[in-house]
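Worksheet: the structure to be examined is printed underneath.
Note that this is a predicted model, so its numbers are computed, not measured. We count ligands from 1, going down the list as the structure has it; atoms in each ligand are counted the same way.
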Amino acid sequence: MEAYQLLIDLHKNADRQGPGGDEETEKALSLAGIDRTTPLKIADIGCGTGASTLLLARLLNARITAVDFLQEFLEVLERRAESQGLSGKITPLCCSMDKLPFENGEFDVIWSEGAIYNIGFEKGVTDWYRYLKPGGMLIVSEITWITASRPSELQKYWEGEYPEIDMPSSKIGVLEKSGYSPLGYFVLPEHCWLDNYYRPMQARFEDFLDRNGNSEEARAIVDAENREIELYEKYKAHYSYGVYIARKLDHGNP
Ligand code: SAM
């Protein structure tokens, strides 16, 4: 099996494919001042199997376009939506986040958890700007340094994985120069990483390796995930996901 298919196999039966939590999703909604009764049109970009999509659908009076470029994840999301009676509120869209077929000003809210790094934060917030209505809300999580300096082992690792990793002030600066007014920022707490993401993933490793004949490729994936987890456990004081909440200015720049 190709590495890509193996990654899908490891992650598709998980509740979430990245750090986050229901409480934190609700916190972001409240910082954005989103009213639960107003009809809203939302895009959840890089939705995976729908951790945030399903919660937003449950909490809000919203129609949500759930975007991911992996059809396998969207199929799981559709099944979950159906079993929770939420299908009518969610439209899955298999598409890359840098080739979105949306109209200008189509959405009240753009939501993206743990996914914008795939095209880079600056490109993502700049490209997606046009799809928001004036006054619309962008809510996006992004890997972020939370200390001004950090050990070189960690710095090297993350600069290899994602060179755009930076301090919150610089992410907020990117939002400001891209035509948004930042309204809030908070850091995902440890339980979002360990209890909600890494521990459930570790519990799937044994079955994953069995299913895939303990192949070298499957073992390489488990090793890479374990390395990421080890680094998190060692250096979690230095980085997390930042959740950024920003409003599109009525007469923003771009
Ligand atoms: N938001 C989900 C969550 O928090 O559980 C998923 C986060 S996961 C770390 C990143 C997601 O982005 C994956 O579902 C992946 O398939 C999707 N993705 C990666 N590159 C993409 C792209 N270019 N276009 C659309 N989706 C992409």
Side-chain angles (χ1 to χ4, degrees), residues 2-29 42-59 64-81 84 90-102 107 109-128 131 138-144 158 161-162 164-165 186-189 191-201 204 221 224-225 228-229 232 239-244:
E2 281 176 37
Y4 204 61
Q5 282 303 325
L6 284 169
L7 280 168
I8 295 172
D9 183 52
L10 175 61
H11 289 286
K12 83 171 180 187
N13 291 318
D15 284 344
R16 55 172 54 256
Q17 285 73 37
D22 288 0
E23 227 176 90
E24 290 68 26
T25 296
E26 291 209 45
K27 180 171 175 175
L29 278 177
I42 301 181
D44 183 0
I45 303 179
C47 61
T49 62
S52 46
T53 322
L54 294 162
L55 183 61
L56 294 175
R58 212 171 314 130
L59 294 175
I64 306 174
T65 304
V67 181
D68 206 281
F69 74 165
L70 294 179
Q71 182 61 31
E72 288 92 334
F73 285 176
L74 292 174
E75 282 164 14
V76 175
L77 166 55
E78 277 185 285
R79 283 200 294 277
R80 293 170 81 189
Q84 296 176 30
I90 298 172
T91 307
L93 175 67
C94 190
C95 172
S96 181
M97 61 176 80
D98 58 355
K99 293 192 182 61
L100 297 166
F102 300 148
F107 292 98
V109 176
I110 290 184
W111 196 280
S112 183
E113 282 191 42
I116 199 169
Y117 71 89
N118 288 293
I119 55 170
F121 185 80
E122 182 152 4
K123 177 173 166 51
V125 303
T126 309
D127 283 4
W128 301 347
Y131 306 129
L138 174 74
I139 296 157
V140 62
S141 73
E142 163 79 339
I143 193 90
T144 299
W158 273 107
E161 292 293 312
Y162 184 51
E164 243 184 277
I165 186 169
F186 66 93
V187 171
L188 284 187
H191 71 88
C192 288
W193 292 78
L194 292 178
D195 302 341
N196 297 355
Y197 180 52
Y198 284 149
R199 297 294 178 242
M201 187 197 323
R204 295 193 303 275
I221 285 177
E225 300 286 11
E228 186 187 306
I229 296 168
Y232 179 75
Y239 67 103
S240 186
Y241 269 94
V243 180
Y244 298 86

Partner residues of Tyr244 under the side chain to side chain donor-acceptor pair (under 3.5 Å) criterion, sequence neighbours left out: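 Checked Tyr244 against side chain to side chain donor-acceptor pair (under 3.5 Å); matches are Thr144.
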Check side chain to side chain donor-acceptor pair (under 3.5 Å) between Glu161 and all other residues, then give those that pass, not counting sequence neighbours.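 Scan of Glu161 (side chain to side chain donor-acceptor pair (under 3.5 Å), adjacent residues dropped) gives none.
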For residues 110-117, tabulate all N or O donor-acceptor pairs below 3.5 Å that involve a side-chain atom, not counting sequence neighbours.
from, atom 1, to, atom 2, distance (Å)
Trp111, NE1, Glu113, OE2, 2.9
Ser112, OG, Ile45, O, 2.8
Glu113, OE2, Thr25, OG1, 3.2

Can you tell me how the ring of Trp193 sits relative to the ring of Tyr232, calling it parallel under 30°, perpendicular over 60° and tilted otherwise?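 Ring orientation, 0 to 90° scale: parallel.
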Report the relative orientation of the aromatic rings in Tyr197 and His11; use parallel for angles under 30°, tilted for 30 to 60°, perpendicular for over 60°.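 Ring orientation of Tyr197 relative to His11: parallel.
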Sub-4.0 Å heavy-atom environment of ligand 1, residues by chain: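 Around ligand 1, where the cutoff is 4.0 Å for heavy atoms, the contacting residues are Arg16, Gln17, Gly18, Gly46, Cys47, Gly48, Asp68, Phe69, Leu70, Phe73, Cys95, Ser96, Met97, Glu113, Gly114, Ala115, Tyr117, Asn118.
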Let me confirm one number: the CD-CD1 distance from Glu72 to Ile8, rounded to the nearest 0.5 Å.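 The CD atom of Glu72 sits 4.0 Å away from the CD1 atom of Ile8.
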